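Note that the coordinates shown come from a computational prediction; the quantities given were computed from them, not determined experimentally. These values consider heavy atoms only, across backbone and side chains, with no hydrogens, waters or symmetry-generated copies.
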Amino acid sequence: MEPLARHFWDGCAAGELRLRRCTSCDTWQTFPREFCTACGSTSLQWRRAAGTGTVHAATLVTRAPSDAFRPLVPYAILLVDLDEGVRMMAHGMPGLAIGQRVAVTFLAHEGRHLPRFVAL
């Protein structure tokens with residue numbers, strides 16, 4: 001596992017959605033990265049996100065991309081606009097619709113805890 005992503009995945013295992021936030025301009029970062037996408041600062045800290053947001057886009061996966069995901073089918077892949085102001089791709093329960101409010105949960109799968117959004 002990439003060292004920068006370890007804190008994210010450790011948070012998922014602990015039931016927390018952890019994201020990086022720039023200490024220079026307060027912009028949240030969706031994915032673990034070395035610099036702020038807004039101002040370029042390398043001064044980023046891990047913070048616990050609220051884990052709530054609104055579905056921006058949704059698609060239903062009915063054919064697993066690999067054998068590892070076959071037991072999860074059908075599942076939704078969502079783009080969620082988090083309340084922190086960033087967009088995140090994650091699993092979701094089937095039936096979630098664009099504009100619906102959601103909250104993150106975590107699904108133990110293949111040795112990781114995958115973020116999975118459910119309806120509020």
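When all heavy atoms are compared, the tightest approach of Met88 to Phe8 is CE-CZ, 4.2 Å. Shown here for Ala57 and Ile98, the closest heavy-atom pair between the two residues is CA-CG1, 4.0 Å. Pro65 and Tyr75 make their closest contact through CD-OH, 3.4 Å (heavy atoms, listed as atom of the first residue, atom of the second, distance). Here the shortest heavy-atom pairing between Leu4 and Glu34 reads CD2-OE2, 3.6 Å. Nearest heavy-atom pair, Cys39 versus Ser24, reported as atom, atom and distance to 0.1 Å: SG-CB, 4.1 Å. Between His113 and Trp9 the shortest heavy-atom distance is O-CZ3, 3.5 Å.
Relative orientation of the His109 and Phe69 rings is tilted, given thresholds of 30° and 60° on the angle between their planes.
With a 4.5 Å cut-off on side-chain heavy atoms, Cys25 and Ser41 do not count as touching. Using a 4.5 Å heavy-atom cutoff, the side chains of Thr105 and Leu107 are not in contact. Cys22 has its side chain out of reach of Ser43: every pair of non-hydrogen atoms, C-beta onward, lies at least 4.5 Å apart. Between Val86 and Leu19 there is a side-chain heavy-atom pair separated by less than 4.5 Å. By the 4.5 Å heavy-atom criterion applied to side chains, Ile77 and Met89 are counted as neighbours. With a 4.5 Å cut-off on side-chain heavy atoms, Gln29 and Leu44 count as touching.
Listed for the Arg21 side chain is a donor-acceptor partner under 3.5 Å among the backbone atoms of Asp26.
Rounding to the nearest 0.5 angstrom, the gap separating the CD atom in Glu16 from the NE2 atom in His7 is 8.0 Å. With rounding to the nearest 0.5 Å, the separation of CG in Leu78 from OG1 in Thr59 is 9.5 Å. Distance check, rounded to the nearest 0.5 Å: OG1 of Thr52 to CG of Leu17 gives 9.5 Å. Taking CG of Leu96 as the reference point, atom CG of Leu60 lies at 10.5 Å (rounded to 0.5 Å). Rounding to the nearest 0.5 Å gives a distance of 12.0 Å between NE2 of His91 and CE of Met93.
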Verdict with reasoning, Arg47 to Arg20, per side chain to side chain contact (heavy atoms under 4.5 Å, CB included): CA-CA 6 Å; Arg47 300 278 178 90; Arg20 296 191 94 189; over 6 Å; no
Assess the residue pair Thr30 and Glu84 against the criterion (side chain to side chain contact (heavy atoms under 4.5 Å, CB included)); give the C-alpha distance rounded to whole Å, side-chain angles, the decisive distance to 0.1 Å, and a yes or no. CA-CA 10 Å; Thr30 305; Glu84 288 77 9; over 6 Å; no
With side chain to side chain contact (heavy atoms under 4.5 Å, CB included) as the test, would you mind laying out the steps for Val80 and Val102 before giving the verdict? CA-CA 8 Å; Val80 175; Val102 291; 3.9 Å; yes
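Tracing side-chain contacts under 4.5 Å through hydrophobic residues (I, L, V, M, F, W, Y), one never reaches Trp46 starting from Phe35; they form parts of separate clusters. Linking ILVMFWY residues whenever their side-chain heavy atoms come closer than 4.5 Å, directly or via other members, leaves Phe117 and Phe31 in distinct clusters.
A salt bridge links Asp83 to Arg101: at least one charged side-chain nitrogen sits closer than 4.0 Å to a carboxylate oxygen.
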